[in-house]
Amino acid sequence: MASLVRHVTIDCADSYRLARFWAEVLDAKVSDEDGPGDPEVLVESPGGGLLFIQVPEGKTVKNRVHLDLQPQDRTRDEEVERLLALGATVQGDHRTPDGKGWVTMLDIEGNEFCVERSAAERTATA
């Protein structure tokens, strides 16, 4: 067997704060071994782990890799509203009049991610 991706690592200014944000986004949990002030914090999620590592330099350019989220129990638009309430912001709205498209958002440290349509929405417009 070849290698497996253990987790996706994200550099950040405040690893615990950003990990808690993403734990809320993913309805996941921060590892029991991690706490405030830790330089590395892991979010354990059924879809894969996210490891947040505190670094001294700030984000300066667009991410070369980003996460695409697909809501599981709500629509894309409902998920966008939920994420806005958690502190995310909309960076680009790519929704189309026919209900397709996605929304590019920024997390609380400015990292890009996208919210796609749910599987139910995709089936309904297929």
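This chain uses plain numbering: 1 for the first residue, then up along the sequence. No hydrogens, no waters, no symmetry mates; every other heavy atom, side chains included, goes into these values.
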Do [Y] and [X] meet the salt-bridge criterion of a basic N to acidic O distance under 4.0 Å?
| X | Y | answer |
| --- | --- | --- |
| E112 | K59 | yes |
| E109 | R17 | no |
| R82 | E79 | yes |

Would you say [X]'s side chain and [Y]'s backbone share a donor-acceptor pair under 3.5 angstrom?
| X | Y | value |
| --- | --- | --- |
| E78 | T75 | yes |
| D11 | V55 | no |
| E24 | F21 | no |

For the [atom1] atom of [X] and the [atom2] atom of [Y], what is their distance to the nearest 0.5 Å?
| X | Y | atom1 | atom2 | answer |
| --- | --- | --- | --- | --- |
| R20 | D14 | CZ | CG | 11.0 Å |
| T89 | D107 | OG1 | CG | 8.5 Å |
| S15 | D38 | OG | CG | 6.5 Å |
| R76 | W102 | CZ | CH2 | 10.5 Å |
| E40 | I53 | CD | CD1 | 4.5 Å |
| K62 | N111 | NZ | CG | 11.5 Å |

Same cluster for [X] and [Y] if Ile/Leu/Val/Met/Phe/Trp/Tyr side chains link at under 4.5 Å?
| X | Y | answer |
| --- | --- | --- |
| V8 | V43 | yes |
| I108 | L51 | no |
| V25 | L42 | no |

What's the verdict on side chain to side chain contact (heavy atoms under 4.5 Å, CB included) for Q70 and R122, showing C-alpha distance, side-chain angles and the deciding distance? CA-CA 10 Å; Q70 183 182 54; R122 289 175 181 273; 3.3 Å; yes

Check this for me: E57, atom CD, are more than 12 non-hydrogen atoms of other residues, nucleotides or ligands nearer than 6.0 Å? yes

More than 12 heavy atoms of other residues, nucleotides or ligands under 6.0 Å from CG of D98: is that the case? yes

Could you go step by step and tell me if L84 and M105 meet the side chain to side chain contact (heavy atoms under 4.5 Å, CB included) rule? CA-CA 9 Å; L84 287 169; M105 301 188 80; 3.8 Å; yes

Give me the atom names and distance for the closest heavy-atom approach of [X] to [Y].
| X | Y | result |
| --- | --- | --- |
| A19 | V41 | CB-CG1, 3.4 Å |
| G37 | Y16 | N-CB, 4.4 Å |
| R95 | V103 | NE-CG2, 3.3 Å |
| E116 | P71 | O-CD, 3.1 Å |
| L50 | H7 | N-CB, 4.1 Å |
| A28 | S45 | CB-CB, 3.9 Å |

Of all pairs that satisfy ring-ring contact (aromatic ring centres under 6.0 Å, His included), the ones with a partner from residues 57-91, not counting sequence neighbours: none

Take F113 and W22 through the ring-ring contact (aromatic ring centres under 6.0 Å, His included) test and state the conclusion after the steps. CA-CA 11 Å; F113 65 97; W22 278 101; 4.9 Å; yes

Checking D77, T125, T123 against R117 for side-chain hydrogen bond (donor to acceptor under 3.5 Å, both in side chains), the one that qualifies is T125

Assess the residue pair L26 and L69 against the criterion (side chain to side chain contact (heavy atoms under 4.5 Å, CB included)); give the C-alpha distance rounded to whole Å, side-chain angles, the decisive distance to 0.1 Å, and a yes or no. CA-CA 9 Å; L26 300 172; L69 306 181; 4.1 Å; yes

